[in-house]
Number of protein chains: 2
Amino acid sequence: MDKIKQNTLHGEVAVRIRDMIDAGTLTPGSRVPEKQLCEQFGVSRTPLREALKVLASEGFVELLPNRGARISKLTIDTLQHTLEVMSALEGLSGELACAHISESELASVEALHYQMLAYYKNANMAEYLLANQKIHEAIVVASRNDVLIDVYKNLNQRVRRVRFSAELSKEYWAKAVQDHEDIITALRRRDGVTLGQILRRHLSDKVEVSYLAEMAEAKSLS
Amino acid sequence: MDKIKQNTLHGEVAVRIRDMIDAGTLTPGSRVPEKQLCEQFGVSRTPLREALKVLASEGFVELLPNRGARISKLTIDTLQHTLEVMSALEGLSGELACAHISESELASVEALHYQMLAYYKNANMAEYLLANQKIHEAIVVASRNDVLIDVYKNLNQRVRRVRFSAELSKEYWAKAVQDHEDIITALRRRDGVTLGQILRRHLSDKVEVSYLAEMAEAKSLS
DNA sequence: ATTTTATATTTTGAATTCAATCTTTACTGT
DNA sequence: ACAGTAAAGATTGAATTCAAAATATAAAAT
C-alpha cells in the first residue's frame, strides 16, 4: 500500500498548487498566475499547464477558454454533495475496517480518540478537528480498499479548506463527540454493520453543512 | 445538470482515448503511441500529453519515467475494490433517488426495466447488460447529486470494459434480475432505505467478481 | 551462430516559440 | 470630465524545438 512515488514534474507542481489552495495562498475565484508560478517553481509553462489540466479534472480549478485557470469556488450545493458522498464512502470504510483492521491500527485510532476528547474538553477546536480528521482517515485506510482510499482522499481535500475554517456549534460538536464514542465501541467489537450506519450519517447534518457554507462564504473561502 | 461542454482540446483528446480503450483499440499493457495518435487526431503532442496526464490521474493509463504512457491493466483487486465503492455510491443514489426522482424519470426507468426483462428472457446478454447499465445510471442521475454522478461515472468507465466482456453465470443472472424487480418496487414506493440496501449489495457478489476477472484475464482485457 | 558492443534512430520530457485573444493604457471626441 | 475607441502590452493555447534517454539496427568478437 505504499504509494508509488510517481515523481513526475507535473505531479509535483500539482501537489504544490493544491497546498497553496489549502493554505489560502491561492484564493477561490482568483486567476492562476501562470508566469509567476513558473518562476516560483522554477519550471516552464509546459508542466505547469499539465498540472492545471489535472487539477481541473479533480475540481480544484476551472479552465476558462482563452483566459486560463481560476481557483474553483465551493458552492453550498457542492459542499453538501461532497459530504454526502464522503458519508457513503465512510460507511463502506467502517464495514471493511471492522473486517480488516489490525490490533496496532486499532490502538492508534484509540489513542487519537482520547487525544481528540482532550481537545474537546479544552475547547481547542483546531486541534480537535485535526485529530478528528486523522481518525476518519485511519478508518478509511484500514478498509484496505485502494480505490476507496483514493477517492475519499481526493474528495476530502476538495472540502478540507471549508471544513477547517468554520466553527462547530456547541450542539453539533457534542453530538459529533458522542458519535465518536459509538464509533470506537463498534470498531472494538468489529461490528461493521453498526459502524457503517454511524459513519453514513455522521457527516450529513444538513443544518451544520449550511452553517459551514455560510461561514465559508463570509470568509470568502468558497 | 446539462454538462458544461468544456470543449478544450486536451479534453476532446482524452475522450477519444478513453473511447479507444473502451473499444479495445488500445489494449491494456500496451504503449500509447503518441506520434501516431497525434497524426490520427490532427493535434500536436502538447494537448495529447496533457490528456495523458489527466487520464493517468483517472487511472486509465500509467506513466513510466522516460518511457511514456501505458494503458492500465485492471487487476482483480482493483476491480473488486472499484465495484465495492460503486456499490456504496449506488446505495446512496438509491436513497436520494427515492427523494428526488420525477414521475417521468421513473417511467423511463420502468420502460428500461421491461426492456431488460425481455432481453433476459431471450438470453440476449449484450443487450441485457446495456439496459442494465442504463437503469443504474438513471438511478444515479436521479440522485441529483453532481459529485456522486461524477465519481460514479468515472469509476464505471474504468471497469466497463471488463464488465461487458464477461458472461454472467445462470445463477447470478437470475439473482440480478430478481434484485431488479425489488429495485423497481422500492423505487415506485419511494422506499429509499430499502432501495439503498438492495443497491449496496447488488454489485458485490465476490464469487462473480472473481469470475469476471478471470474471464477478463483469459481475454487479456485486463 | 550467438552474444556483445557500438552506432543510428526514435521517443520522451520539458523549454521555447508564435499566432490569436484578452487586458490595459492612452487617446479621441463629446 | 467622461464614455468610447484604438494601440500597446500581456496572457493564453498549441505547435515546434532540443537535449536526454530509450530502443532498434548494424558490426564485431567469441
Side-chain angles (χ1 to χ4, degrees), chain A residues 3-21 24-73 220, chain B residues 3-21 24-73 220:
Chain A
K3 59 190 151 191
I4 304 154
K5 264 226 171 174
Q6 196 67 17
N7 244 28
T8 57
L9 195 48
H10 79 274
E12 290 297 318
V13 171
V15 168
R16 294 192 61 176
I17 294 177
R18 275 192 220 96
D19 287 346
M20 288 173 81
I21 296 173
T25 314
L26 292 170
T27 60
S30 74
R31 206 162 166 158
V32 176
E34 283 189 15
K35 211 181 166 199
Q36 184 187 311
L37 291 180
C38 285
E39 284 167 23
Q40 190 172 335
F41 299 157
V43 300
S44 77
R45 281 176 65 221
T46 306
L48 186 109
R49 302 184 97 251
E50 287 168 349
L52 288 176
K53 313 301 180 196
V54 172
L55 291 169
S57 91
E58 292 173 345
F60 289 100
V61 307
E62 278 162 46
L63 302 176
L64 302 154
N66 290 315
R67 59 191 61 184
R70 283 175 186 284
I71 310 299
S72 296
K73 292 188 185 187
S220 79
Chain B
K3 58 190 149 191
I4 304 156
K5 262 227 171 171
Q6 197 68 15
N7 244 26
T8 57
L9 197 48
H10 78 274
E12 291 295 320
V13 171
V15 168
R16 293 192 61 176
I17 294 177
R18 274 193 220 96
D19 287 347
M20 288 174 80
I21 296 173
T25 313
L26 294 170
T27 61
S30 73
R31 208 163 164 157
V32 176
E34 284 190 15
K35 212 181 165 198
Q36 183 188 312
L37 291 180
C38 285
E39 284 167 23
Q40 191 171 333
F41 299 158
V43 301
S44 75
R45 281 177 63 223
T46 306
L48 186 108
R49 301 184 97 251
E50 287 168 349
L52 288 175
K53 314 300 180 195
V54 171
L55 291 169
S57 91
E58 292 172 346
F60 290 100
V61 306
E62 278 162 45
L63 302 176
L64 302 154
N66 289 316
R67 57 189 63 182
R70 283 175 186 282
I71 309 299
S72 296
K73 291 188 186 187
S220 81

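Predicted model, so just to flag it, every value in this text is computed and none were measured. Labels below follow one simple rule: chain letters A, B, ... track the order of the sequence lines, proteins then strands, and each chain is numbered from 1.
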Would you mind reading off the distance between [X] atom [atom1] and [N] atom [atom2], rounded to a whole angstrom?
| X | N | atom1 | atom2 | value |
| --- | --- | --- | --- | --- |
| Glu34(A) | dT11(D) | CD | P | 10 Å |
| Gln36(B) | dT11(C) | CD | C1' | 14 Å |
| Lys35(B) | dT12(C) | NZ | C1' | 13 Å |
| Leu48(B) | dA14(C) | CG | P | 16 Å |
| His10(B) | dT12(D) | NE2 | C1' | 14 Å |
| Glu39(B) | dT10(C) | CD | C1' | 13 Å |
| Asn66(A) | dA19(C) | CG | C1' | 12 Å |
| Leu64(B) | dA21(D) | CG | C1' | 14 Å |

Quick one: on DNA chain C, does Arg70(A) or Ser44(A) contact a more 5' nucleotide (nearest heavy atom)?
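Comparing both residues, the 5'-ward one is Ser44(A).
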Whichever of Gly42(A) and Val32(B) has its nearest DNA chain C nucleotide further upstream toward 5':
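This one resolves to Val32(B).
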Of the non-hydrogen atoms in His10(B) and Leu63(A), which two are nearest, and what is the gap between them?
CE1-CD1, 3.8 Å
Non-hydrogen atoms of Pro28(B) and Ser72(B) that approach each other most closely:
CB-O, 3.6 Å
Distance check, rounded to the nearest 0.5 Å: [X] atom [atom1] versus [Y] atom [atom2]?
| X | Y | atom1 | atom2 | answer |
| --- | --- | --- | --- | --- |
| Ile17(A) | Thr25(A) | CD1 | OG1 | 11.5 Å |
| Gln40(B) | Arg16(B) | CD | CZ | 6.5 Å |
| Glu50(A) | Thr8(A) | CD | OG1 | 8.5 Å |

Counting only side-chain N and O atoms of [X], is one of them less than 4.0 Å from OP1 or OP2 of [N]?
| X | N | result |
| --- | --- | --- |
| Arg67(A) | dT11(D) | no |
| Thr46(B) | dA14(D) | no |
| Arg49(A) | dG13(D) | yes |

Regarding dG13(C), can its base be found pairing with the side chain of Arg45(B) as donor and acceptor, where the two atoms are less than 3.5 Å apart?
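By the distance-only test, yes, there is a pair.
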